[in-house]
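Note that the structure is predicted; figures quoted are calculated from it, not measured. Both counts, for ligands and for their atoms, begin at 1 and track the order of listing.
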Amino acid sequence: MQQRLTTAQPDTARAEQGDGVARHDWTRAEAQAIHDLPFNDLLFRAQLVHRQHFDPNRVQMSRLLSIKTGGCPEDCGYCSQSAHHASGLKASKLMEVERVLVEARAAQTQGATRYCMGAAWRSPKDRDMDQVVAMVRGVKAMGLETCMTLGMLSDGDVAKLKEAGLDYYNHNIDTSERYYSEVIKSRTFADRLETLARVRDAGMKVCSGGILGMGETAEDRIDMLVTLANLAEHPESVPINMLIAIPGTPLENAARIEGIDFVRAIALARIMMPRSYVRLSAGRTEMSDETQALCYFAGANSIFCGETLLTAGNPGDDADARLFGKLGLAPEEPNARNA
Ligand code: SAM
Ligand code: DTB
Ligand code: SF4
């Protein structure tokens with residue numbers, strides 16, 4: 001008898017086959033086969049995995065703050081903050097610690113449980129580290145989880161951040177190794193993996209994902225996710241951004257990714273990294289309620305809240321509250337990890 005294309009099997013059969021178990025030996029062919037399943041089968045499978053490890057109706061809320069904006073020496077083709085592109089963004093210097101703490105307190109009042117501070121740097125300068133460390137200590141003292149994204153780190157930087165009590169470090173691999181050099185020329189994919197390994201070796205949690213809709217192929221998206229899933233430990237957070245096409249950047253006219261293809265990538269991330277938070281990140285202002293709802297169904301369980309990301313717009317708390325109301329979703333409580 002010809003093998004059925006669909007995967008209608010009882011939940012127990014799936015569990016016995018190992019779905020939902022963290023693996024680190026994914027092949028591209030395996031990942032591609034899952035990615036290309038009939039859409040209903042893919043989403044069903046992702047939702048089953050999701051329910052093994054998470055409350056399906058809870059969403060973790062993170063908030064971003066740009067602590068140092070613009071003038072970045074890197075040439076990332078998507079970024080408003082690169083000094084190489086004419087995006088019209090005004091550069092500013094590193095924010096005062098007090099101001100960061102005021103912003104963090106406000107974000108906490110509005111429901112954020114994780115505070116992510118980002119700087120437009122290739123890597124931090126020694127002279128900035130004391131200020132950065134004071135930000136981590138101050139935000140952590142409020143009871144918020146802390147995350148920083150500062151570019152490449154030396155062993156010394158990693159040690160200082162760990163000592164300060166930083167919970168997460170965000171460092172995205174952005175796309176496949178093959179496509180990386182088409183988007184960024186000022187550093188390599190290997191540089192990215194090196195910093196991720198330093199952060200992991202120091203015992204901090206890892207946040208790493210990428211951007212979809214930069215003109216990459218489905219294979220690039222799959223390879224990016226296979227790279228993340230085959231790290232020795234899965235990143236605890238996997239942000240999946242949809243490109244925000246910024247005028248003046250090389251990617252301003254990149255072909256948009258279709259919602260269904262975006263959802264397929266979210267589902268694949270959920271299935272291959274079953275215990276990770278998959279964050280529906282940049283690009284939500286351009287997404288319909290229906291696309292976002294499919295992302296949540298496919299296993300996305302974290303978002304950035306508030307009206308701004310680093311420099312670009314985000315739906316804002318009222319819009320998110322409305323959508324959560326329609327979908328019966330609720331923000332996750334602090335320290336609510338249920339797996
Ligand atoms: N400079 C640091 C770095 O590159 O690691 C930290 C800040 S950087 C803005 C953080 C991440 O934001 C990037 O790795 C990228 O994945 C994402 N990002 C930047 N610009 C974006 C855009 N226009 N659309 C979607 N994601 C974007
Ligand atoms: C991530 O993956 N996305 C966030 C966060 N990590 C640092 C940043 C999104 C930036 C979107 C463009 C902007 O605001 O400039
Ligand atoms: Fe700089 Fe980060 Fe933007 Fe690249 S993504 S230009 S490193 S701020």
Side-chain angles (χ1 to χ4, degrees), residues 62-85 87-92 94 114-125 128 132 146-153 157 168-175 179-180 183-189 191-196 199 206-216 224 228 235 237-254 256-257 262 269 277-287 300 302-315:
S62 292
R63 182 74 181 241
L64 276 167
L65 177 69
S66 179
I67 57 169
K68 197 275 163 209
T69 305
C72 184
E74 301 271 31
D75 66 358
C76 313
Y78 46 76
C79 188
S80 63
Q81 305 199 68
S82 167
H84 298 262
H85 318 320
S87 70
L89 186 76
K90 195 169 161 287
S92 60
L94 185 59
R114 189 179 305 169
Y115 204 61
C116 180
M117 295 158 269
W121 288 329
R122 175 176 166 84
S123 49
K125 302 258 186 312
D128 295 319
V132 163
T146 51
C147 178
M148 287 229 153
T149 179
L150 312 171
M152 293 184 263
L153 299 181
D157 300 330
Y168 289 81
Y169 195 73
N170 165 255
H171 202 63
N172 290 342
I173 62 167
D174 279 333
T175 187
Y179 197 59
Y180 199 80
V183 178
I184 301 153
K185 304 221 182 311
S186 55
R187 58 167 189 262
T188 64
F189 194 75
D191 289 332
R192 253 4 219 185
L193 294 179
E194 207 176 291
T195 290
L196 286 173
V199 169
V206 167
C207 171
S208 188
I211 309 178
L212 313 186
M214 300 194 293
E216 77 284 345
M224 174 184 91
L228 293 170
S237 290
V238 180
I240 306 291
N241 298 276
M242 184 182 276
L243 177 73
I244 300 177
I246 314 266
T249 62
L251 289 176
E252 69 174 313
N253 295 317
R256 291 177 53 106
I257 179 171
F262 189 86
Y277 280 83
V278 175
R279 183 171 309 118
L280 176 55
S281 300
R284 291 197 299 117
T285 50
E286 297 295 311
M287 276 177 217
S302 172
I303 58 169
F304 288 118
C305 53
E307 283 179 1
T308 35
L309 294 163
L310 291 172
T311 70
N314 199 43

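With hydrogens left out, the protein atom closest to atom 21 (C) of ligand 1 is Y78 CD1, 3.8 Å, a heavy atom. Among protein heavy atoms, the minimum distance from atom 24 (N) of ligand 1 is reached at I244 N, 3.0 Å. Among protein heavy atoms, atom 5 (O) of ligand 1 sits closest to R192 NH2, 2.7 Å. Looking only at protein heavy atoms, the nearest one to atom 16 (O) of ligand 1 is D174 OD1, 2.6 Å. Protein heavy atom at the shortest distance from atom 6 (C) of ligand 1 is T149 OG1, 3.0 Å. Taking atom 1 (N) of ligand 1 as the reference point, the nearest protein heavy-atom neighbour is A119 O, 3.1 Å.
A donor atom on one side chain and an acceptor atom on the other are not found under 3.5 Å apart for E74 and S82. Inspection of the R114 and S237 side chains reveals an N or O donor paired with an N or O acceptor under 3.5 Å.
Evaluated by nearest non-hydrogen atom to atom 27 (C) of ligand 1, the leading choice among I211, T69, N170, L310 is I211. In this structure, of N172, I184, L243, the residue bringing a heavy atom nearest to atom 12 (O) of ligand 1 is N172.
Between S80 and ligand 2 there is a heavy-atom distance shorter than 4.0 Å. Y78 does not count as a contact of ligand 2, since none of its heavy atoms falls under 4.0 Å from the ligand.
When non-hydrogen atoms are compared, ligand 2 lies under 4.0 Å from the backbone of L310 as well as from its side chain. Residue N170 touches ligand 2 through its side chain alone, judged by heavy-atom distances below 4.0 Å. Proximity of R187 to ligand 3, defined as any heavy-atom pair under 4.0 Å, is confined to the side chain (atoms from C-beta onward).
Checking only distances, R187 never comes within under 3.5 Å of ligand 1, N or O to N or O.
Ligand 1 places these atoms under 4.0 Å from at least one heavy atom of M242: 25 (C). Of all the atoms in ligand 1, the ones that sit under 4.0 Å from a non-hydrogen atom of G151 are 2 (C).
Take atom 4 (Fe) of ligand 3 and draw a sphere of radius 2.8 Å; the protein N/O/S atoms inside it number 1.
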